[in-house]
Amino acid sequence: MKMLITGARGQVGRALLHSLAIHGEVVAATRDGSVDNVTLPTTALDLGRPAALADILTRIDPDVIINAAAYTAVDRAESEPELAHCVNAEAVGALGRWAADAGVPVVHYSTDYVFPGQGDCPLRESDPTGPRSVYGHSKLAGEAALRESDADHLILRTAWVYDAQGKNFLRTMLRLGAERDRLTVVDDQHGTPTSANLIATATAHVLQHWLAADTATRHAQSGVYHLVAGGRTTWCGFARAIMDRAVQVGLLARAPQVEPITTTDFPTPARRPAWSVLDTTRIRETFDIELPAWEVGLDAVIAELTGAR
Ligand SMILES: NC(=O)c1ccc[n+]([C@@H]2O[C@H](COP(=O)([O-])OP(=O)(O)OC[C@H]3O[C@@H](n4cnc5c(N)ncnc54)[C@H](OP(=O)(O)O)[C@@H]3O)[C@@H](O)[C@H]2O)c1
């Protein structure tokens with residue numbers, strides 16, 4: 001089984017290299033074909049050039065595609081809508097059309113930012129979408145493009161992704177926590193921090209079940225699933241949890257004061273949903289998987305950072 005993982009230098013892509021390598025042959029794809037510290041086969045694949053994808057995919061000849069590449073710069077997307085749409089939607093459609101012709105299943109990731117952000121109940125896959133940002137629109141268009149391609153697919157919507165490496169909220173908080181005595185963090189956006197490692201291990205589990213199913217079942221199981229850790233918090237709650245643990249293990253000498261602010265106190269180019277807590281019943285019941293509380297993933301990443309010092 002040859003598994004093509006795109007975005008192999010990203011948070012989720014890197015975690016997937018580890019979780020999927022034990023299940024078969026992995027080919028790691030990045031924009032320029034280079035990935036640090038891996039002994040796996042690598043290839044160049046640029047989602048910014050959708051017209052070139054079919055030839056590249058034919059050459060690689062994968063048995064399954066896991067698309068963890070995306071234009072993820074949420075604020076920058078407001079001023080680069082064409083590029084965001086190209087990478088997150090057009091390229092996903094091209095990838096799906098190649099996969100449909102070749103009979104190759106596709107796993108793709110999407111986001112809580114496809115939702116408008118109202119409400120106070122965990123959001124189900126069937127709840128109405130309504131993105132408020134260019135990034136959210138581009139990711140929703142990517143979902144539609146993959147669905148319309150007719151490839152067998154799983155679209156895994158995740159949220160608030162962080163890892164011990166990469167550019168993310170946890171690493172920003174640890175840096176600011178070391179520099180400042182006081183931080184203000186948005187406390188009126190609700191969601192679930194989800195570690196890249198949880199996404200990768202859950203993807204490996206789901207993929208095993210899905211690919212082992214007969215063709216009709218695999219086709220019937222195609223669609224959108226919410227994949228996030230259990231529980232919920234706010235960015236401010238997440239920041240406080242990060243600081244508490246970082247002080248406990250000695251990553252920070254002392255905890256800065258973390259004070260809550262509102263979204264209007266912290267304007268950003270892109271609007272973000274106030275409520276993006278996702279209901280994960282569908283993925284848990286379909287693929288018989290447990291999704292631990294978000295604090296479990298945070299403890300693991302803090303332990304990884306502590307060990308790496
Ligand atoms: N991060 C989050 O909080 C979050 C939340 C919800 C959903 N998601 C979704 O989860 C998935 C994985 O996200 P992540 O957090 O792992 O993102 P990430 O760390 O930003 O990684 C994305 C990867 O995509 C690659 N990429 C960007 N443009 C590309 C192009 N034109 N061609 C090929 N590769 C390209 C990037 O390559 P370079 O390293 O070369 O830039 C990067 O390695 C994405 O679908 C994202 O939309 C993420």
Side-chain angles (χ1 to χ4, degrees), residues 4-17 19 28-36 38 42-53 56-57 65-77 80 82-92 94-95 106-115 123 131 133-143 145-146 153-172 189 191-200 202-203 224-229 235 238 270 272-273 276-278 294 297:
L4 174 65
I5 301 175
T6 69
R9 256 199 317 253
Q11 302 187 86
V12 173
R14 228 182 353 242
L16 283 167
L17 297 182
S19 64
T30 60
R31 209 186 319 224
D32 60 9
S34 74
V35 192
D36 292 341
V38 297
T42 60
T43 189
L45 187 140
D46 184 356
L47 297 192
R49 299 176 59 228
L53 289 179
I56 298 170
L57 291 168
I65 300 170
I66 301 103
N67 181 33
Y71 182 110
T72 56
V74 176
D75 287 319
R76 203 169 66 224
E80 286 185 339
E82 291 85 7
L83 183 57
H85 190 82
C86 177
V87 173
N88 290 347
E90 278 173 52
V92 179
L95 206 139
V106 179
V107 178
H108 174 69
Y109 297 93
S110 189
T111 172
D112 53 328
Y113 286 13
V114 298
F115 289 112
L123 294 154
S133 61
V134 167
Y135 168 75
H137 274 288
S138 72
K139 293 295 290 185
L140 188 61
E143 292 187 6
L146 184 54
H153 65 271
L154 300 178
I155 295 169
L156 306 178
R157 283 189 193 140
T158 190
W160 296 27
V161 181
Y162 66 97
D163 189 37
Q165 302 176 53
K167 195 163 178 266
N168 59 57
F169 180 83
L170 174 134
R171 283 169 48 92
T172 303
Q189 291 174 25
T192 308
T194 302
S195 72
N197 200 35
L198 172 65
I199 297 169
T203 300
V224 180
Y225 294 84
H226 288 170
L227 169 55
V228 287
W235 290 112
F238 187 28
R272 286 158 169 80
S276 61
V277 178
L278 304 181
W294 63 268

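As the structure lists them, so they are numbered: ligands from 1, and atoms in each ligand from 1.
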Shortest non-hydrogen contact from A141 toward H85: CB-CE1, 3.7 Å
What residue among V228, T192, D112 forms side chain to side chain contact (heavy atoms under 4.5 Å, CB included) with W160? D112
Show me the short polar-atom pairs for ligand 1: any N or O of it lying under 3.5 Å from a protein N or O, with distances only.
{"from": "ligand 1", "atom 1": "3 (O)", "to": "V161", "atom 2": "N", "distance (Å)": "3.0"}
{"from": "ligand 1", "atom 1": "15 (O)", "to": "Q11", "atom 2": "NE2", "distance (Å)": "3.0"}
{"from": "ligand 1", "atom 1": "16 (O)", "to": "Q11", "atom 2": "N", "distance (Å)": "3.2"}
{"from": "ligand 1", "atom 1": "16 (O)", "to": "V12", "atom 2": "N", "distance (Å)": "2.9"}
{"from": "ligand 1", "atom 1": "19 (O)", "to": "Q11", "atom 2": "N", "distance (Å)": "3.0"}
{"from": "ligand 1", "atom 1": "20 (O)", "to": "T72", "atom 2": "OG1", "distance (Å)": "2.6"}
{"from": "ligand 1", "atom 1": "24 (O)", "to": "A70", "atom 2": "N", "distance (Å)": "3.1"}
{"from": "ligand 1", "atom 1": "24 (O)", "to": "A70", "atom 2": "O", "distance (Å)": "3.4"}
{"from": "ligand 1", "atom 1": "31 (N)", "to": "D46", "atom 2": "OD1", "distance (Å)": "2.9"}
{"from": "ligand 1", "atom 1": "31 (N)", "to": "G48", "atom 2": "N", "distance (Å)": "3.2"}
{"from": "ligand 1", "atom 1": "32 (N)", "to": "D46", "atom 2": "OD1", "distance (Å)": "3.4"}
{"from": "ligand 1", "atom 1": "32 (N)", "to": "L47", "atom 2": "N", "distance (Å)": "2.9"}
{"from": "ligand 1", "atom 1": "40 (O)", "to": "R9", "atom 2": "NH2", "distance (Å)": "3.1"}
{"from": "ligand 1", "atom 1": "40 (O)", "to": "R31", "atom 2": "NH2", "distance (Å)": "3.1"}
{"from": "ligand 1", "atom 1": "41 (O)", "to": "R31", "atom 2": "NH2", "distance (Å)": "2.8"}
{"from": "ligand 1", "atom 1": "43 (O)", "to": "G10", "atom 2": "N", "distance (Å)": "3.0"}
{"from": "ligand 1", "atom 1": "45 (O)", "to": "Y109", "atom 2": "O", "distance (Å)": "3.3"}
{"from": "ligand 1", "atom 1": "45 (O)", "to": "K139", "atom 2": "NZ", "distance (Å)": "2.8"}
{"from": "ligand 1", "atom 1": "47 (O)", "to": "Y135", "atom 2": "OH", "distance (Å)": "2.7"}
{"from": "ligand 1", "atom 1": "47 (O)", "to": "K139", "atom 2": "NZ", "distance (Å)": "3.0"}

Show your reasoning for whether side-chain hydrogen bond (donor to acceptor under 3.5 Å, both in side chains) applies to S195 and N197. CA-CA 5 Å; S195 72; N197 200 35; 5.5 Å; no
Apply side-chain hydrogen bond (donor to acceptor under 3.5 Å, both in side chains) to H153 and list each qualifying residue two or more places apart in sequence or on a separate chain. none
Within the structure provided, determine whether H108 and V92 are in side-chain contact (heavy-atom separation under 4.5 Å). yes
T72 side chain to Y135 side chain, donor-acceptor N/O pair below 3.5 angstrom: no
